[in-house]
Amino acid sequence: MFESLSDRLTATLKDLRGKGRLSPADVDATCREIRLALLEADVALPVVRTFIARIKERAKGAEVSAALNPAQQVVKVVNEELVGILGGETRRIQFAKTPPTVIMLAGLQGAGKTTLAGKLAQWLRGQGHTPLLVACDLQRPNAVTQLKVVGERAGVPVFAPHPGATTAGEAEGAGVGDPVAVARAGIEEAKARQHDVVVVDTAGRLGVDEALMQQAADIRDAISPDEVLFVLDAMIGQDAVATADAFRAGVGFTGVVLTKLDGDARGGAALSVREVTGQPILFASTGEKLDDFDVFHPERMASRILG
Ligand code: GDP
């Protein structure tokens, strides 16, 4: 991801290096190049506009101040603004004062929620937590089994409805077909067994639809999560903004997890989502293995893009 954007930005900024001072025309030409590079990378237009306006203002200021090395100043400004659109500071999970901390995952089918549940569980375990995974994706035929598989790999128990269970509170699970009941029972289970974090996997559809949103909103209302993480496939390009908007309006979320950052898409989703939704990116997923996962650091991502 980001290879061509990174190449173009680096080349554009390199062109400035030979210049002692930057004229307003130099700044304009550089901004034009950056604008094109961002648009080609599928970054949302409003985000590109704001970004360029900020760079222009600050780069021209740098020129007026007759700094020692104006080209380096522009590079610094671009870097800082890139860190800014990626969220600035690293935002950590907000743990509840009274456990369990409840983390709900939402997103389209195929975004990588179930895989992420396993990654998050493993990561939480590594941080000394005692997570419980709760399987509320009862839509996709294999989702519960898949969550059990990733849970086992992560060494984290999975609370799931078992075939035949019909009422909340049954030994291993609750309310087959009723994700809200399963979610509620999962939280009770976590309290009873003293898990300090609960990760709730929910169903997704291929496209955004009313029923999906309602179900996610019902689960949210039933369990009052401390964090709702919107899981976004970074490969979906321009659709990312509309999808994020739909989830923001339908369910609301407190943070974003970007998945498939290892893909070869152009990366615009990753660069747009923070600015468009106003919510921070908390984690990044970069592959199918449980280890391909980390806390999202805006500065590191910006440095990677600028080469
Ligand atoms: P869900 O429908 O949202 O639960 O999505 P899944 O967790 O089932 O993931 C859908 C597909 O994407 C699976 O084949 C995963 O192995 C794959 N996947 C998930 N996260 C990543 C990632 O970060 N990188 C890559 N390359 N594949 C991923």
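If you're wondering where the values come from, they're calculated on a predicted model, not measured in any experiment. Hydrogens, waters and symmetry mates are skipped; everything else that's a heavy atom, side chains included, is used. When a ligand or atom number is given, it counts from 1 through the structure's own listing order.
Of all protein heavy atoms, the one closest to atom 3 (O) of ligand 1 is Lys113 N, 2.8 Å. Protein heavy atom nearest atom 5 (O) of ligand 1, with residue, atom name and distance: Gly112 N, 3.0 Å. The protein non-hydrogen atom at the shortest distance from atom 10 (C) of ligand 1 is Gly110 O, 3.7 Å. The closest protein non-hydrogen atom to atom 4 (O) of ligand 1 is Thr114 OG1, 2.7 Å. Protein heavy atom at the shortest distance from atom 11 (C) of ligand 1 is Lys260 NZ, 4.1 Å.
Contacts between Leu108 and ligand 1, counted as non-hydrogen atom pairs separated by less than 4.0 Å, involve the backbone only. Neither the backbone nor the side chain of Leu261 has any atom closer than 4.0 Å to an atom of ligand 1 (non-hydrogen atoms only).
The minimum heavy-atom distance between Ala135 and Pro161, with the atom names listed, is O-CD, 3.7 Å. Looking at every heavy atom in both residues, Ala222 comes nearest to Val180 through CB-CG1, 3.6 Å. For Ile103 against Val197, the heavy-atom pair with the smallest separation is CD1-CG1, 3.7 Å.
Aromatic rings of Phe283 and Phe293 (six-membered ring for Trp) have centroids within the 6.0 Å cut-off, being under it.
The shortest distance between side-chain heavy atoms of Leu138 and Gln215 does not fall below 4.5 Å.
Near Gln109, with a cut-off below 4.0 Å to any heavy atom, the atoms of ligand 1 are 2 (O). Listed by number with element, the atoms of ligand 1 under 4.0 angstrom from any heavy atom of Thr115 are 6 (P), 7 (O), 9 (O), 15 (C), 19 (C). If you number the atoms of ligand 1 from 1 as listed, the ones under 4.0 Å from a heavy atom of Gln146 come out as 6 (P), 7 (O), 8 (O).
At least one heavy atom of Gly287 sits closer than 4.0 Å to an atom of ligand 1. Using 4.0 Å as the threshold, Gly263 has no heavy atom nearer than that to any atom of ligand 1. Residue contact check for ligand 1: Ala111 places a non-hydrogen atom closer than 4.0 Å to it. Contact annotation: Asp262 has at least one heavy atom less than 4.0 Å from an atom of ligand 1.
Taking OG1 from Thr30 and CG from Leu9, the interatomic distance works out to 11.0 Å, rounded to the nearest 0.5 Å.
Tested against Glu40, the residues Arg35, Arg8, Arg266 include a single side chain to side chain donor-acceptor pair (under 3.5 Å) partner, Arg8.
Transitive grouping of hydrophobic side chains (ILVMFWY, heavy atoms separated by less than 4.5 Å) keeps Val83 and Val276 in distinct clusters.
Comparing Glu288, Arg205, Met235 by heavy-atom distance to atom 28 (C) of ligand 1, the nearest is Glu288. Comparing Ser285, Ala143, Ala106 against atom 23 (O) of ligand 1, the shortest heavy-atom distance belongs to Ser285.
Side-chain N or O atoms of Asp196 include one that pairs as donor or acceptor with a backbone N or O of Thr130 at under 3.5 Å.
Shown here is Arg300, whose CZ atom has no more than 12 heavy atoms of other residues, nucleotides or ligands within 6.0 Å.
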